[in-house]
Amino acid sequence: MEKLVAQPELIVRPVPHDVAQRLANEGVHPLLARLMAARGVSDTSELNTDWQGLITPNRLNHIEEASEAMAQAIEDGKKLLIVADYDCDGATACAVGLRGLRALGAKVEYLVPNRFETGYGLSPEVVELAARHHAGKPDLIVTVDNGIASVDGVIAAKDHGIDVIITDHHLPGDRLPPALAIVNPNQVGCGFPSKNLAGVGVMFYVLMALRATLRARGYFINKPEPRLDGLVDLVALGTIADVVKLDANNRLLVTRGLQRIRAGQMQPGLRALFAVCGRDPAQASAFDFGFTIGPRINAAGRLTDMSLGIECLSTDDEQYALELARELDRINQERRQIEVTMREQAMASMSDIDTDADTGESRAAICVYQPDWHQGVVGLVASRLKEKFWRPVVALAPAGDGTWRGSGRSIPDVHLRDVFDLVSKRNPGLIHKFGGHAMAAGLTLPEQGLEAFAKGFSDAVIEMTGKTQFSARIETDGSLETGWANVQTATLLQEQVWGAGFPAPLFLDEFQVQNQRLVGGKHLKLSLMRDRQRFDAIWFNREEPVPERIQAVYRPTPNVWQSNISLQLVIETAQAA
């Protein structure tokens, strides 16, 4: 099976040295200047993290119509209902909406669809649930992180006498829902400069506009005007967890959120989640959001009910928040166990399902499925296999109604949704429904169509790309100069905001391996030498020994042990030098 594993091509990210020099001359740390220039930053204004640098709300189309309608509903004492999505972005957007609207005087509750019962978005089924909500039928539904495709749902809401405002960031289809207002930077004609706001970012902007509208109406003459910057910790979490591109505006929001958390200013639920994760909020980083906090929120939506995550992030009761955080942690452990089992089963089946029966060659795309798999975890399995084999992957599980639901992950060479579209055209009736984007998409198949899809999937990838094999590329930042290879630099890098579209630095250097041993039974601990400088390093989930000389891709990180901080290199991959 190892022959199928992609061997990555290691490349060095180009640096416009004139830009790097200019940034350094303007006061940016010389190493950061090189890294920022390589990531497209050309002016220090793009590194501004003051609130004054935030793009103003009035540049979002229809935000004034949305804020006027919401302000009128608040003044009239009408019932508002937030309809959320069941991922971390949706949960944080819902919590931000609940906290912000309540602070502004709204009567507001929430409803989050169940992944396994009503599916995604404001569907007619969800509208029926909204109409029978325990708090009473709402007068106004506000969607967060969904709704742009909910044409039928908005029509159903109108039939119930319920108005709808949509706040979303997903790409619109050919037909927009007939809502009172749609706030989405990605709708046609919207002049908002950043198209990369997460759903929680859009809701945060709507709250800013709503407060301004209420201020103009004289709403705050006899009452205090609430601050909204206290919600930015949740905005930061949702932005990182949803893996949207970290452009300058998003980096500003995430930076402000991290600054509040590091200063001890955060929602009780976030404080509790840091505690159950064993992470120190004073050292909070975007990594914590993406790999420790975010997965615990997402686990609720994958296995049970995202209401747990929303309650955790919206409660002011510290003890209740801790109880919910512990439950989210337990669910995430269960999710991990399910994922490991499914991944092992997928790997065991690879030799059977990876070979094309007609040609005897390995397929250009991978399709895995088992009758006892959990449909809330198939996306994670697809992602793991995609990274290991560097090919598009679809993993499917039975939906319980005679169909199978799949989640796919792709590589930069292959637009996954377009591949599904081609499979559907080449095999009419094979796919019941599909949707998504270039790198991630979902679909529903009949059980008898699984093997036909597996072959059609691979054939479509070959037809669209002309390739049967793909090479993984790992972009690095080249060598880390000896003078910067220290714990101070590692700490400096950790304090920055990195993420999608603005990747954390990876350095590429050659080392002499002086010592290596397994720790914890599955991690390779290394002692490395370069230019007479010794480094402690670790390669997580690597059991096989490495040669005496290696070319390693690594991250310098501060390692805290018994109150002492030292430099540790975290190896991402390595090859014989």
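Here the structure is a predicted model, which means the values were calculated and not measured.
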- Item | For W498, all residues meeting ring pair (Phe, Tyr, Trp, His ring centres under 6.0 Å), sequence neighbours excluded |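 If we apply the ring pair (Phe, Tyr, Trp, His ring centres under 6.0 Å) test to W498, skipping adjacent residues, the hits are F502.
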
- Item | Residues forming a ring pair (Phe, Tyr, Trp, His ring centres under 6.0 Å) with Y86, sequence neighbours excluded |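 Here no residue qualifies.
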
Report yes or no: do [X] and [Y] form a side-chain donor-acceptor pair below 3.5 Å?
X	Y	value
H169	D145	yes
T465	D413	no
N298	D87	no

- Item | salt bridge (Lys or Arg N to Asp or Glu O under 4.0 Å) between E334 and R336, worked out | CA-CA 5 Å; E334 181 184 349; R336 282 180 179 168; over 6 Å; no

- Is there a donor-acceptor pair closer than 3.5 Å between any side-chain N or O of D531 and the backbone N or O of T482?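 Checking the backbone N and O of T482 against the side chain of D531, no donor-acceptor pair under 3.5 Å is found.
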
- Task: Considering non-hydrogen atoms only, spot the tightest contact between N249 and I55 and give its length.
- Result: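 Scanning both residues completely, I find the closest heavy atoms to be OD1-N, 3.1 Å.
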
- Message: Would T44 and E26 count as a side-chain hydrogen bond (donor to acceptor under 3.5 Å, both in side chains) here? Give the steps.
- Response: CA-CA 8 Å; T44 52; E26 293 177 7; 3.2 Å; yes

- Parallel, tilted or perpendicular: which fits the ring planes of W484 and H29, with parallel below 30° and perpendicular above 60°?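 Ring orientation, 0 to 90° scale: tilted.
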
- Task: Look at the rings of W51 and F204 and say which category their plane angle falls in: under 30° parallel, 30 to 60° tilted, over 60° perpendicular.
- Result: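 The arrangement is tilted - the two ring planes meet at 30° to 60°.
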
- Message: Contact between L493 and F507 at the side-chain level, heavy atoms closer than 4.5 Å - yes or no?
- Response: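 Yes. Closest side-chain heavy atoms under 4.5 Å.
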
